[in-house]
There are 2 protein chains.
Amino acid sequence: MADIGAHGGGRRVKNGQESLGASPGMTLAESLRQKLEGAIAAGHLEPGSRLDEQEIAQRFGVSRTPVREAFRLMAANNLVELRGRLGATVRSIKAQALIEMFQVMAELEGLCARLAARRVSQAWGAEIGEIHQRLVAAGETGDIDVFYDINQEFHEAIYEASRNTFLADQTRKLRNQVAAYRRRVTRMPNRIADTVREHEAIMQAILAHDPERAHSAMRDHVNLLGDNLLDFLAAFE
Amino acid sequence: MADIGAHGGGRRVKNGQESLGASPGMTLAESLRQKLEGAIAAGHLEPGSRLDEQEIAQRFGVSRTPVREAFRLMAANNLVELRGRLGATVRSIKAQALIEMFQVMAELEGLCARLAARRVSQAWGAEIGEIHQRLVAAGETGDIDVFYDINQEFHEAIYEASRNTFLADQTRKLRNQVAAYRRRVTRMPNRIADTVREHEAIMQAILAHDPERAHSAMRDHVNLLGDNLLDFLAAFE
DNA sequence: ATATCGATACATGTATACAAAATGGCACCC
DNA sequence: GGGTGCCATTTTGTATACATGTATCGATAT
């Protein structure tokens, strides 16, 4: 340990350590949060797995303090579970909790769609149409990862179109919480074709300025995804 | 500072320090979070006011570390704003954001009511009826603080009755976020009478197992409160 | 007199040191 | 042979020390 400068600032990256990927003006805790949340969403950190403060601190070449603070920050987003002195774990969501979360998410995304139907301009139609075209293309190519990303774009566009930033934030957060589980389901048999069809219904309702239809189309879409996800998980346990 | 034991554990409470009110097995950061969140909800800490790490640490006789962690935890609940090195402040919510939050809250509480209408048993009717009776009594006495607390109990009972713990948590969190602003509105002219009447409509719809009516009654109730709150704030600015 | 620059003071971010609780393994007893 | 209690290790919680960025205040120049 003698080769690490006395105290404080002089951090430096030794071989074998991961970089925090440029964080100008950002605090270490915040950079760590982004890195770790990305790893969770991408599935590199499995739900239920333990997060070791020291290990992570060493891996990124920082002290335990910013790591701990990042854990607290992630606990705020419900991505990490803090259990007193028992340590931090990647939040593992039980099937029952997933059902509950999808019920809420269906309602929130439905509200996004309803508000969007009331508020979108004509110009927005071109934008969402373009996203949808790319989704269809990705579906035909069969490139699952690209499809997943464009799918996310589609929903994101509707969040924004709701013109309610708080609602958009809230919905995004919830989406992130189940991201680790969702990703697995994109590979199910008819999921891609169904998604394209459901998105079309949602899009039409919004562009027709029909709030109720937009709401129910979106709610059904999310609920169907939830059902698929549960079927998928059931096959494993 | 010489009289504070060398390092670590030996914490002790000197005169003039506030106690953290018995926290057996709980960590200091968690105790602090509860204390501070309570102070925010009660309005003792005004929105926008700066939270000084050292001052709070000294006030409760702990070091800066648990104070900082409590801030991170509260940031998770959107009660505190962290602005890099510029310090932490009690989150101040602009009118626009309040409108957005009430729109979401109306939907979430509405969902609670809808699910409750589908799921409540007969026994629950007695429980909610008893709470409502106490609310009416408090309304007649005119004891605003008691009224506020019982009002909260009423809503809490419906959260629980939804049998969706995630939804209940989410709704509670949102309620806490606007608590500092809500409390001020209870004192408005007809608010108490209106609240009692609206609660009756909600209760009847739930007990009649009419999900749609329960949903809209609750949504209207929350929206009306939001409107009142905005009127109230507008009078000040 | 006002505006700008610089030095100082202070608050936050980060690292390390110490204390205590929890996990795991071993010995001992039933 | 299995279970229970004790000890060592490991990991978290907390306190303090140090580094760095921000703000404040005063001096100087225009």
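Protein chains get the first letters and strands the later ones, always in sequence-line order, with residue 1 at the start of each. Keep in mind that this is a model prediction, so the values were computed, not measured.
The backbone N or O of A/A113 lies less than 3.5 Å from no partner atom in the side chain of A/Y159, so there is not a single donor-acceptor pair. In terms of modelled atom types and a separation under 3.5 Å, the side chain of A/T89 and the main chain of A/R91 share no donor-acceptor contact.
Put simply, A/S63 has a side-chain N or O that comes within less than 4.0 Å of OP1 or OP2 on C/dA15. Contact annotation: B/T27 side-chain N/O to D/dT14 OP1/OP2 distance is under 4.0 Å. Between B/R72 and the phosphate of C/dG13, there is a side-chain N or O to OP1/OP2 separation shorter than 4.0 Å. In this structure, B/R68 reaches the C/dG13 phosphate: one of its side-chain N or O atoms is under 4.0 Å from OP1 or OP2.
One interatomic measurement links the two molecules: CG of B/L82 to P of C/dT12, which rounds to 11 Å at whole-angstrom precision. Atom CE of B/M26 is separated from atom C1' of C/dA21 by 16 Å (rounded to the nearest Å). Between the CD atom of B/E53 and the P atom of D/dA17 there is a distance of 17 Å, given to the nearest Å. The nearest whole Å value for the distance from the CD atom in A/Q58 to the C1' atom in D/dT11 is 13 Å. Rounding to whole angstrom units, CZ of residue B/R83 and P of D/dG21 are separated by 18 Å. Between the CZ atom of B/R85 and the P atom of D/dA23 there is a distance of 12 Å, given to the nearest Å. The separation between A/F60 atom CZ and C/dT14 atom P is 14 Å, rounded to whole Å. The nearest whole Å value for the distance from the CD1 atom in A/I56 to the C1' atom in D/dT12 is 14 Å.
Within 4.0 Å (heavy atoms only), A/R50 reaches sugar-phosphate atoms of the nucleic acid but no base atom. In this structure, A/A29 reaches the sugar-phosphate backbone alone: every heavy-atom distance under 4.0 Å involves primed, P, OP1 or OP2 atoms, never a base. Heavy atoms of A/L51 sit under 4.0 angstrom from primed sugar atoms or phosphate atoms, though from no base atom.
For the 3.5 Å distance criterion, the side chains of B/H221 and B/H199 qualify, holding a donor opposite an acceptor.
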- Task: Take A/L230 and A/F102 through the side chain to side chain contact (heavy atoms under 4.5 Å, CB included) test and state the conclusion after the steps.
- Result: CA-CA 10 Å; A/L230 288 169; A/F102 268 89; over 6 Å; no

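Closest approach to the B/D52 side chain among C/dA11, C/dG13, D/dA15 is made by C/dA11 (side chain taken as heavy atoms from C-beta onward).
Residue-to-nucleotide proximity on DNA chain D shows that, of B/R64 and A/R64, the 5′-proximal contact is made by A/R64. Take the nearest nucleotide of DNA chain C for A/L86 and for B/G84: the residue whose nucleotide is more 5' is B/G84. Along DNA chain C, the nucleotide closest to B/Q54 and the one closest to A/E30 are compared, and the more 5′ of them pairs with B/Q54.
Contact detail for A/Q152 and A/R175: the closest heavy-atom pair is OE1-NE, 3.8 Å.
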